[in-house]
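Have a look at the structure below before the remarks.
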Protein chains: 2
Amino acid sequence: MSLPHAILTALLEKKSSGLELTRRFDRSIGYFWSATHQQIYRELGKLEADGLIRALPSEQPARGQKKSYEVLPAGRAELARWTSASQDPKPHRDALLLRLRAAAVVGTAGLEADLRRHLELHERQLAEYEEIEERDFPPGRDGAEVRLRHLVLRAGIDLETFWTQWLRRALADFAELPDGGPAEQV
Amino acid sequence: MSLPHAILTALLEKKSSGLELTRRFDRSIGYFWSATHQQIYRELGKLEADGLIRALPSEQPARGQKKSYEVLPAGRAELARWTSASQDPKPHRDALLLRLRAAAVVGTAGLEADLRRHLELHERQLAEYEEIEERDFPPGRDGAEVRLRHLVLRAGIDLETFWTQWLRRALADFAELPDGGPAEQV
DNA sequence: ACTGTTTATGCAACTAGTTGCACAAGGTGA
DNA sequence: TCACCTTGTGCAACTAGTTGCATAAACAGT
């Protein structure tokens with residue numbers, strides 16, 4: 001139940017249309033809360049109906065016509081409420097770890113190539129984060145807002161660092177395993 | 001679409017009833033693929049209908065009567081197929097990171113207490129993983145199956161280590177921030 | 001006997017996210 | 001000027017996961 005809050009945050013950072021939001025979700029917010037454009041448009045409709053945001057009255061709202069939104073005071077209040085409310089962490093689900101556990105019983109055949117592919121994806125993501133860090137967070141004392149955003153980026157960098165290291169270890173382990181793995185014994 | 005495969009894996013490790021599966025999801029598989037008992041029973045029904053598992057014919061199947069399942073050859077084949085097939089990583093969603101980003105625009109009031117609570121939860125989880133490692137994976141050369149399972153546990157340990165360190169850094173940063181944060185400026 | 005608790009199975013309704021597609025406006029090139 | 005591509009908005013159906021509750025047997029206490 002956090003997509004509306006992700007949208008409120010993005011809109012507070014900058015008033016945007018649906019498509020602009022979609023683009024920013026692909027680059028920034030979406031790194032830790034992804035959403036498709038269909039979700040975003042649906043949610044914008046709900047948020048507007050609930051009086052948390054409103055469309056900027058600049059242009060006539062027609063299909064194929066850009067429509068920008070801004071956050072209303074009620075929206076900011078709701079976001080502040082949600083941010084400060086205590087929340088339990090949601091259980092994670094990670095298909096790759098599950099597949100490794102499955103490989104322990106049905107064999108590792110074919111898995112190594114995909115581990116390699118995942119390693120590449122995580123390396124690329126890590127490089128992207130590090131570029132953002134270099135560009136947007138040069139060393140030096142910053143205000144609270146910048147430091148908080150930097151903290152979030154650090155989480156992304158450290159997570160990708162973890163994954164690349166773990167995947168490298170996994171691949172090294174695979175190299176020592178008998179070909180095909182446990183399935184041989186079946 | 002991985003709950004069926006999580007169940008197949010768990011059943012291959014050990015034939016179980018719905019409740020036994022539920023318990024094991026709470027302790028072990030569930031660390032990276034959680035599921036409620038309702039989900040598990042529903043999925044067991046589907047897997048049986050699809051001919052991937054079957055109920056052990058020992059006892060009469062009545063409500064309130066334990067019913068154990070085992071994996072059929074078709075189920076093992078499907079799990080092997082799924083494990084070796086290439087899969088894209090699913091986009092993550094992390095409410096805590098989103099809240100931090102929101103806090104950058106609406107203020108950090110109330111957030112610190114919850115960060116502290118999350119830190120405690122992750123410390124507890126880390127301790128639990130380390131206990132499991134000590135108990136189930138004593139040092140020494142192991143077979144492929146044990147090494148794969150250890151690798152999965154290492155991922156859990158490293159992830160929890162990341163979170164505890166990141167949260168400690170976040171709390172240290174908070175201590176230096178002006179009280180309440182950016183909301184002050186509003 | 002009867003009350004309550006634990007173990008065990010399961011259905012139904014709801015919420016959130018995904019996938020596939022449709023529609024409209026404006027620009028580009030043949 | 002017609003066919004096609006891009007930009008922008010949006011609906012509908014589907015899939016996966018969550019929440020709330022119902023049912024039944026076994027057992028323990030009184």
Side-chain angles (χ1 to χ4, degrees), chain A residues 1-8 10-11 15-26 29-30 32-50 53-56 58-69 82 87-95 98, chain B residues 1-8 10-11 15-26 29-30 32-50 53-56 58-69 82 87-95 98:
Chain A
M1 235 290 282
S2 308
L3 176 59
H5 303 101
I7 292 179
L8 287 171
L11 283 180
K15 297 171 191 175
S16 310
S17 68
L19 193 69
E20 282 160 0
L21 277 179
T22 303
R23 297 245 165 86
R24 289 169 58 208
F25 266 73
D26 284 344
I29 298 257
F32 46 91
W33 204 276
S34 70
T36 61
H37 71 101
Q38 292 92 332
Q39 273 180 287
I40 289 169
Y41 283 115
R42 193 202 299 166
E43 204 61 44
L44 283 171
K46 279 189 211 164
L47 287 167
E48 191 179 22
D50 292 351
I53 63 174
R54 65 162 188 168
L56 291 182
S58 53
E59 283 153 77
Q60 75 289 3
R63 215 176 166 108
Q65 221 47 26
K66 219 174 13 183
K67 196 165 67 174
S68 270
Y69 292 91
W82 177 80
Q87 282 176 48
D88 285 327
K90 283 261 164 273
H92 359 112
R93 298 200 166 89
D94 190 297
L98 181 54
Chain B
M1 232 292 281
S2 309
L3 176 59
H5 304 102
I7 292 179
L8 287 171
L11 283 181
K15 296 171 192 177
S16 310
S17 69
L19 194 68
E20 281 159 1
L21 277 179
T22 303
R23 298 244 165 86
R24 290 169 56 207
F25 267 73
D26 284 345
I29 298 256
F32 47 91
W33 204 277
S34 69
T36 61
H37 72 100
Q38 291 94 331
Q39 272 180 288
I40 288 170
Y41 282 115
R42 193 202 299 166
E43 204 61 45
L44 282 171
K46 278 189 211 164
L47 287 168
E48 193 179 20
D50 291 350
I53 62 173
R54 64 161 188 169
L56 291 182
S58 54
E59 282 152 78
Q60 76 289 2
R63 212 171 170 113
Q65 220 49 27
K66 214 170 22 178
K67 197 164 67 173
S68 269
Y69 292 91
W82 177 81
Q87 281 177 47
D88 285 327
K90 284 259 165 274
H92 357 114
R93 298 202 165 86
D94 191 296
L98 181 55

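Reminder, nothing fancy here: chain letters follow the sequence lines and each chain counts from 1.
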Fill in the blank from the handout: By ring-ring contact (aromatic ring centres under 6.0 Å, His included), A:Trp82 pairs with (sequence neighbours left out) A:His5

Exercise for the section: Check whether any side-chain N or O of B:Arg42 sits under 4.0 Å from OP1 or OP2 of D:dT15, and answer yes or no. Expected result: no

Problem - Nearest-nucleotide comparison on DNA chain D, the residue closer to the 5′ end among A:Arg23 and B:Ser34 - result: A:Arg23

Completion exercise
To the nearest angstrom, the OH-C1' distance between B:Tyr41 and D:dC21 comes to 15 Å

Exercise for the section: State, without any angle test, whether B:Arg93 and A:Ser2 hold a side-chain donor-acceptor pair at a distance under 3.5 Å. Expected result: no

Exercise for the section: Tell me whether the OP1 or OP2 atom of D:dG10 has a side-chain N or O from A:Lys67 closer than 4.0 Å. Expected result: yes

Problem - Atom-to-atom span, CE of A:Met1 to P of D:dT19 - whole angstrom - result: 12 Å

Handout entry: Spacing of B:Lys15 atom NZ and B:Leu11 atom CG [to the nearest 0.5 Å]
Key = 10.0 Å

Completion exercise
Against the side chain of B:His37, the closest entry in D:dT18, D:dT9, C:dT9 is C:dT9

Problem - A:Gln38 side-chain N/O to D:dT9 phosphate OP1/OP2 under 4.0 Å - result: no

Completion exercise
Rounding to 0.5 Å, atoms CH2 (B:Trp33) and CD1 (B:Ile7) come to a distance of 11.5 Å

Fill in the blank from the handout: Of the listed C:dG17, C:dT7, D:dG8, the closest approach to the A:Leu3 side chain comes from C:dG17

Practice task
Just call it for A:Thr22: base, sugar-phosphate, or nothing, with non-hydrogen atoms closer than 4.0 Å on any strand.
Solution key: nothing

Practice task
Specify the separation, in whole Å, of atom NZ of B:Lys90 and atom P of C:dT19.
Solution key: 6 Å

Handout entry: Nearest-nucleotide 5' precedence on DNA chain C, B:Leu44 against B:Pro91
Key = B:Leu44

Practice task
Provide, to the nearest angstrom, the distance between the CD atom belonging to A:Glu20 and the P atom belonging to D:dT6.
Solution key: 20 Å

Problem - Under-4.0 Å side-chain N/O to phosphate OP1/OP2 contact, A:Gln39 with C:dA16 - result: no

Problem - Flag, side chain of A:Thr22 to backbone of A:Gly18, donor-acceptor distance under 3.5 Å - result: yes

Handout entry: Earlier contact from the 5' end, DNA chain C, for B:Gly18 and B:Arg93
Key = B:Gly18

Fill in the blank from the handout: A:Gln87 atom CD is separated from D:dT18 atom C1', nearest whole Å, by 16 Å

Exercise for the section: Tell me which nucleotide among C:dT18, D:dT9, D:dG17 gets nearest to the side chain of B:Trp33. Expected result: D:dG17

Handout entry: B:Glu48 CD to C:dG10 P, straight-line distance once rounded to whole Å
Key = 9 Å

Problem - B:Leu19 CG to D:dA26 P, straight-line distance once rounded to whole Å - result: 16 Å

Handout entry: Gap between atoms CD and C1', on A:Glu43 and C:dT18 respectively (whole Å)
Key = 15 Å

